[in-house]
Amino acid sequence: MTLFLPSIFLLILSSLAQFSSSNQIQHNFHECLSIIQTPNTFFTPQSPNYTIILNSTAENLRCITPSNPKPELIFTPLNESHIQTAVICANKLKIQLQFRSGGHDYEGISYTSAMDPPFVLIDLSKMRAINVDLEDNSVWVEAGATVGELYYRVAEKSKTHGVVGGLCTSVGVGGHFTGGAYGSMMRKYGLGVDNALDAKIINAKGEILDRKSMGEDVFWAIRGGGGGSYGVIVSWKLKLVPVPSIVTVFNVPRTLEQGATKILYKWQYVAPQIDDDLFMRVLIQNMNLPNTTKRTISTSYNALFLGGVDRLLEIMNRSFPELGLDKTDCFEMSWIESVMFIAGFPKTVPASFLLTAKPAFISQFKAKSDFVKTPIRETGMEGIWKRLLQEERPLMVWNPYGGMMGRIPESATPFPHRNGVLFKIQYVNSWIGDSKDAMKKHYKWIRKFYKYMGQYVSKDPREAYVNYRDLDLGMNEKNGDNTSVVKASSWGRRYFKDNFMRLVKVKTEFDPDNFFRHEQSIPLGWSRQKVLLHGVSAAVNSCRMRGKGRERV
């Protein structure tokens, strides 16, 4: 289905001539959008609520310090037509747009910038409608809703239906699913994008396209190829999956003094091979031993089992007795209650808190990721513990793969980290205070630690998860010009492996003028870059010379 531009947009286009594409971004963009005539949707830095709105969903506090670039204007659309208008205006006025659905981007590129051109922020937080259809076994959800809201609305309709998505409940739906969307049911049902049925996207022309009208190549690209490269995701249609009325969770800590190293070594072999109904991640951090000043390493086994406690204990006693899981460690509850448990909320917080879209924690942090395909030896772990104990508040999260993740081909979606992956590592280094010295110190530690870990993780490429964005891997040209495919491969192959070149092809065909771009957006292919830089005739002549008369463009 393609929704063609209503006649009001023709009026917009005809009025654009009076606006210049100078540096008067606030004035020009606001004037162009004034045809919407909706109050309380435009916020300039002079507006009383500008800072409140800018900071409202910022997960990483280091991205909203005074030194970080801020948007020239914030626009909070109320519906799809508002976004269409914004895209049309920005395209004609040559204004850079950035889109925020939840604000969890690890480098904050949905609301700040590491590039030079000024930008306007389109904040989708007012677009959060959710329509659950149990008969169709699906749900339509707008981009500005959080996954916590999505889970709650599904559970409100049914105690035996769930949605495959992330563990952090305040993540915005729009961007979350563009990166893959892994969570506690991934070993049973795969990723969120493996369960996406349809989507609506607004292209650079301001048209709203669904799966049929955007085409299967574009639908493939947006399901794991990262957000902000192809268009504005305004809503997703997701499959509902069956969940038991009662599930079981546990959180079992083990320190070095309790044999944590040997237990975790065994976990590497067990967790990817164990029953598909069990997702058992490990949170690793340093801590002080009670009533002492001695520091140690704590490994916490944080799990969701899609079933009752008795069957869970049978599985654990047979496959992983080293953990020593006891019935008193386990809690039976509803699926929606397990969402709260895995997200780290206290038991006293009701599930209805998910409707507030608030995160359990916010901090200043720098994060990275890795994928492990060969178990790390105990001696290797001891080297890891030594380095973790040197830092103040480091965190490692080991997320198990296997199950359905190993049965879906790498090329099924842009997310390629499938068969052969034992677990993914997320590194997070957080700190208190916004001084530049503190940031430099903690950046230095995590970069050094990441380099050290290279010996234990995937190689050629060293893989990374696009939803844990890391600008240390490289970025597009700071002036906003299109980046070469070769340069972009420095992060593109890490995030997408061999799927990267297919993403480039889809980008070149669907957004040939590179309107949708950011620090790590997918670049245009070589031939389109030449056209943009030198004009069609120059590109053709160049290719003819190199190809000895044979045209390649």
Side-chain angles (χ1 to χ4, degrees), residues 57 59-60 101-106 141 145-152 154-155 162-195 224 238 241 243 247-252 271 276-285 300-306 331 333-347 349 351 353-354 356-363 365 367 369 371 395-405 415 417 421 423-428 430 465-469:
T57 60
E59 171 74 6
N60 193 345
S101 58
H104 275 248
D105 187 286
Y106 276 17
V141 53
T146 65
V147 294
E149 290 176 285
L150 172 62
Y151 296 157
Y152 185 86
V154 170
V163 181
V164 180
L167 296 88
C168 188
T169 57
S170 56
V171 173
V173 165
H176 180 53
F177 286 87
T178 63
Y182 85 90
S184 57
M185 294 197 291
M186 61 185 280
R187 301 190 66 255
K188 179 72 172 183
Y189 297 115
L191 302 174
V193 293
D194 299 324
N195 295 274
L238 307 169
V241 299
V243 296
V247 302
T248 307
V249 299
F250 63 81
N251 190 63
V252 176
D276 289 3
D277 286 336
L278 178 58
F279 173 84
M280 180 171 46
R281 65 174 179 166
V282 188
L283 283 69
I284 305 169
Q285 53 197 324
S300 296
Y301 293 80
N302 181 245
L304 167 67
F305 178 67
L306 298 173
F331 303 93
M333 58 183 61
S334 67
W335 174 73
I336 192 64
E337 289 172 328
S338 78
V339 167
M340 301 290 290
F341 182 91
I342 296 293
F345 289 103
K347 293 180 181 178
V349 178
F353 183 78
L354 296 173
T356 68
K358 299 296 183 183
F361 315 98
I362 58 174
S363 64
F365 67 89
S369 60
F371 290 85
L395 171 68
M396 295 178 76
V397 184
W398 292 15
N399 291 287
Y401 274 52
M404 181 60 74
M405 291 298 295
F415 182 98
H417 319 289
V421 174
F423 58 96
K424 177 179 78 225
I425 297 177
Q426 178 180 189
Y427 311 89
V428 181
S430 60
Y465 180 37
V466 69
N467 269 2
Y468 296 159
R469 191 182 308 284

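Position 1 is the first residue of the sequence, and the numbers go up from there. Only heavy atoms go into these numbers, but all of them, side chains included; no hydrogens, no water, no symmetry mates.
Contact detail for T169 and K358: the closest heavy-atom pair is OG1-O, 4.4 Å. Across all their heavy atoms, T146 and A357 have their closest contact at CG2-CB, 3.5 Å. A pairwise comparison of heavy atoms in L191 and G180 identifies CB-O, 3.3 Å as the closest pair. Nearest heavy-atom pair across V247 and S338 is CG2-CB, 3.7 Å. Residues L278 and A303 come closest through the heavy atom pair CD1-CB, 4.1 Å. In terms of heavy-atom proximity, G403 sits nearest to D276 at CA-OD1, 3.4 Å.
Side-chain N or O atoms of S101 include one that pairs as donor or acceptor with a backbone N or O of G175 at under 3.5 Å. A donor-acceptor contact shorter than 3.5 Å is absent between the side chain of H104 and the backbone of G172. No donor-acceptor pair under 3.5 Å is formed between the side chain of N195 and the backbone N or O of G190.
Separating the OG atom in S430 from the CD1 atom in I362 is a distance of 12.0 Å, to the nearest 0.5 Å. In this structure, the separation between CZ on F341 and CG on L304 is 10.0 Å, given to the nearest 0.5 Å. To the nearest 0.5 Å, atom CG of residue N467 and atom NE2 of residue H176 are 7.0 Å apart. The SG atom of C168 sits 12.5 Å away from the CD1 atom of I342 when rounded to the nearest 0.5 Å. If you take CG on L283 and CE on M396, they are separated by 11.0 Å, rounding to the nearest 0.5 Å. I284 CD1 to S300 OG: the interatomic distance, rounded to the nearest 0.5 Å, is 9.5 Å.
Two residues are said to be in side-chain contact when any heavy atoms from C-beta on lie closer than 4.5 Å; L395 and F365 fail this criterion. Side-chain contact between V163 and V141: absent, with no pair of heavy atoms (C-beta onward) separated by less than 4.5 Å. Residues L150 and L238 meet the side-chain proximity criterion, which asks for heavy atoms closer than 4.5 Å. Put simply, the side chain of M280 does not reach to within 4.5 Å of the side chain of F305, judged on heavy atoms. M405 places a side-chain heavy atom less than 4.5 Å from the side chain of F415. Looking only at side-chain heavy atoms (C-beta outward), M404 and D194 stay at 4.5 Å or farther from each other.
Residue Y182 forms a ring-ring contact (aromatic ring centres under 6.0 Å, His included) with just one option from F371, Y465, F279, and that option is Y465.
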Take V282 and F423, measure what side-chain contact (heavy atoms from CB on, under 4.5 Å) needs, and give me the verdict at the end.
-> CA-CA 10 Å; V282 188; F423 58 96; over 6 Å; no
Run the side-chain contact (heavy atoms from CB on, under 4.5 Å) check on V173 and V147 step by step: do they pass?
-> CA-CA 6 Å; V173 165; V147 294; 4.2 Å; yes
Can you check side-chain contact (heavy atoms from CB on, under 4.5 Å) on Y401 and M186, steps first, answer last?
-> CA-CA 8 Å; Y401 274 52; M186 61 185 280; 3.6 Å; yes
Given side-chain contact (heavy atoms from CB on, under 4.5 Å), test V397 with V428 step by step and report yes or no.
-> CA-CA 8 Å; V397 184; V428 181; 5.7 Å; no
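With 3.5 Å as the limit, one finds a donor-acceptor pair spanning the side chains of N302 and R281.
Annotation: Y468 is not in aromatic contact with Y427 [ring centroid separation under 6.0 Å not met].
Residues forming a ring-ring contact (aromatic ring centres under 6.0 Å, His included) with Y151 (at least two apart in sequence, or on another chain): W335. Under the salt bridge (charged side-chain N to carboxylate O under 4.0 Å, His left out) criterion, D277 pairs with K188, R311, sequence neighbours left out.
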